[in-house]
Amino acid sequence: MNRIIFHIDCNNAFLSWEAAYRLSKGNALDLRNIPSVIGGNREKRKGIVLASSYPAKKYGIKTGMSLMEACKLYPSLDINPPDYDRYVQCSDELMELLLKYTPLVERYSIDECFADVTGCFCEKASDFANFLRKEIHTKLGFTVNIGVSNCKLLAKTASGFSKPDKTHELYSSELKEKYFPLPIHNLFMLGFRTCVKLYNMGYYKIGDVANEDPKLLRRHFKLFGLLIWSNANGVDSSPVRPYEDKPKGIGNGMTLPADANTPADAYPFLMSLCEMSAQRLRAAGMRASVISVGMRTNEFTFQSHQRKISTPTQSTKEIYTISRLLYNELWQDIPVRTISVRLSGLSSDGIVQLDMYGNEEIRQQRLDKCIDSMRIKYGDECLSRARTIGSGADSVAVTTHKQYPKIKPNIMNGA
DNA sequence: TCTGGGGTCCTAGGACCC
DNA sequence: TCTGGGGTCCTAGGACCC
């Protein structure tokens, strides 16, 4: 039986969700109808556009652009800060609605999911998709695009065709007419760097790559070349996975309010990041055996160092101690703009063998758990490490929003 | 372009062991 | 002690996605 896969993509997710929420609270103004954006905080140097309304797009304002640049294009732009917790809730509501129709729903990111709807409807697949779109609009207040196909790769491509509020079909049998003529930057997993390389090699359309000898692509791009070729040929038999994988890594990063000119300038922020990551690690019931620290200088170069430890940990103190060593290794006397901490090599928080410092480990565990529970009860700001007070890092978000782990970098695995 | 923050996987090179 | 080769682990960095 041929599968029918939907890819549901929320149109301008953050902005639509914000708009829908405000309307539901009695606000008469619909952010979607004016030049508006969801964007960060200019004072904290987090000024980029996370989502823009269609009227804003008309002025050339798009995601990823700095707020300063956006304001040059439209000076009276309406700028609204993001509220991640609310967006997670919207994402959950969409999942719940879809689960009423099929148990096979896979969350791909906060604003995208796949649904295997094979055998779930009697009418045409596109009619069912149209019905679902209306249902989502009526019940949840925002619009989506739905891509319809017999595999995830093509369904995802189709949902990106024209927006908003549209259904598009793209089946394996239609590659020649609908897929091969597309410019190669539409190919899933092709980013800026690889696109430039392919242009220079004379490939401009997906069909150009699809008709190439895969051996040649492999020579140039190694295994990634084969992935490009197989994506270009629309090959994908991966199933819709109705569960969320355990994360492979947990991390937090931040742009500092001002460049750190010495390691000591950065330590309070590093502590804050370790605390955030460790708290998420404990909440997930996991321990980490690899700790990585990354830094981006004010020249925008990026470097990272990591350390593997023999006994997986979830202790804020231990993670911070190692992070500081790594930070000092990385420090090259160049002002630092962004720092990040990442925990990987994750394992479940089962019974761990305690080393000779076992008692100290238990003491730290109790302390961490106590801090976690107080923060859950009274909010993140109720406690600050002495180290972070007055540095500005104590006011830096200890707020975390749930991240959905990507299943695999390509959606054609399992083939 | 003057560029956030959360993820995933791949690759190359070095260290180490047998 | 010298030598080769294969396998595995660790580390750093690159590319991609949303």
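Residue numbers start from 1 in every chain, and the chains themselves are labelled A, B, ... in the order their sequence lines are given, proteins ahead of strands.
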Does atom [atom1] ([X]) have a neighbourhood of more than 12 heavy atoms from anything else shown, all under 6.0 Å?
{"X": "A/K100", "atom1": "NZ", "value": "yes"}
{"X": "A/K166", "atom1": "NZ", "value": "yes"}
{"X": "A/Y59", "atom1": "OH", "value": "no"}

*Cation-pi check, A/K57 to A/Y54: give yes when NZ or CZ is under 6.0 Å from the six-membered ring centre and within 45° of the ring axis, no otherwise.*
yes
*Do we get A/R337 above A/F300's six-membered ring, with its NZ or CZ under 6.0 Å from the centre and within 45° of the axis?*
no
Touch check for [X], heavy atoms < 4.0 angstrom, all strands: base, sugar-phosphate only, or nothing?
{"X": "A/F300", "result": "base"}
{"X": "A/S340", "result": "nothing"}
{"X": "A/G249", "result": "sugar-phosphate"}

*Short question: side chain of A/Q314, backbone of A/M286 - any donor-acceptor pair under 3.5 Å?*
yes
May I have the distance from [X] (atom [atom1]) to [N] (atom [atom2]), rounded to whole angstrom?
{"X": "A/H220", "N": "C/dG14", "atom1": "NE2", "atom2": "P", "result": "20 Å"}
{"X": "A/L190", "N": "B/dC9", "atom1": "CG", "atom2": "P", "result": "19 Å"}
{"X": "A/R193", "N": "B/dT3", "atom1": "CZ", "atom2": "P", "result": "17 Å"}
{"X": "A/F14", "N": "B/dG6", "atom1": "CZ", "atom2": "C1'", "result": "10 Å"}
{"X": "A/D9", "N": "C/dC17", "atom1": "CG", "atom2": "P", "result": "14 Å"}
{"X": "A/N186", "N": "C/dC16", "atom1": "CG", "atom2": "P", "result": "15 Å"}
{"X": "A/K62", "N": "B/dT3", "atom1": "NZ", "atom2": "P", "result": "16 Å"}
{"X": "A/I339", "N": "B/dG4", "atom1": "CD1", "atom2": "C1'", "result": "14 Å"}

*asked:* Using every non-hydrogen atom in the two residues, find where A/W331 and A/I334 come nearest and quote the distance to one decimal.
replied: CZ3-O, 3.2 Å
The side chain of [X] is closest to which nucleotide in this list: [options]?
{"X": "A/F224", "options": "C/dC16, B/dT8, C/dC18", "value": "C/dC16"}
{"X": "A/K197", "options": "C/dA15, B/dT8, C/dC16", "value": "C/dA15"}
{"X": "A/M189", "options": "C/dA15, C/dC17, B/dT8", "value": "C/dC17"}
{"X": "A/E69", "options": "C/dC17, B/dT1, B/dG4", "value": "B/dT1"}
{"X": "A/S66", "options": "B/dT8, C/dC16, B/dT3", "value": "B/dT3"}
{"X": "A/D111", "options": "B/dC9, B/dG4, C/dC18", "value": "C/dC18"}
{"X": "A/N252", "options": "B/dT8, B/dG6, C/dC18", "value": "B/dG6"}
{"X": "A/R337", "options": "C/dC18, B/dG4, C/dC16", "value": "B/dG4"}

*Are A/R342 and B/dT8 close enough that a side-chain N or O sits under 4.0 Å from OP1 or OP2?*
yes
*Please work out whether the ring planes of A/F114 and A/Y108 are parallel, tilted or perpendicular, with thresholds of 30° and 60°.*
perpendicular
*Dot-bracket for DNA chain C, please, read 5' to 3', with Watson-Crick or G-U wobble pairs under 3.5 Å on both distances, ( ) within the strand, [ ] crossing, | other strand, . unpaired.*
....||||||||||||||
*Go through the steps to decide whether A/N11 and A/S16 satisfy the test side chain to side chain donor-acceptor pair (under 3.5 Å), and finish with yes or no.*
CA-CA 7 Å; A/N11 300 131; A/S16 302; over 6 Å; no
Please enumerate all protein N or O atoms sitting under 3.5 Å from an N or O of nucleotides 10-12 of chain C, with distances to 0.1 Å.
{"from": "C/dT11", "atom 1": "OP2", "to": "A/K308", "atom 2": "N", "distance (Å)": "3.3"}
{"from": "C/dA12", "atom 1": "OP1", "to": "A/H305", "atom 2": "NE2", "distance (Å)": "3.4"}
{"from": "C/dA12", "atom 1": "OP2", "to": "A/Q306", "atom 2": "N", "distance (Å)": "2.6"}
{"from": "C/dA12", "atom 1": "OP2", "to": "A/Q306", "atom 2": "O", "distance (Å)": "3.4"}

*After noting the C-alpha distance and the side-chain angles of A/K215 and A/D213, does the key distance pass the salt bridge (charged side-chain N to carboxylate O under 4.0 Å, His left out) rule?*
CA-CA 5 Å; A/K215 285 184 197 148; A/D213 181 354; 5.2 Å; no
_Nearest heavy atom decides the nucleotide; on that basis, is A/I250 or A/F221 closer to the 5' end of DNA chain B?_
A/I250
*Test salt bridge (Lys or Arg N to Asp or Glu O under 4.0 Å) applied to A/R22 - qualifying residues, sequence neighbours left out*: A/E18
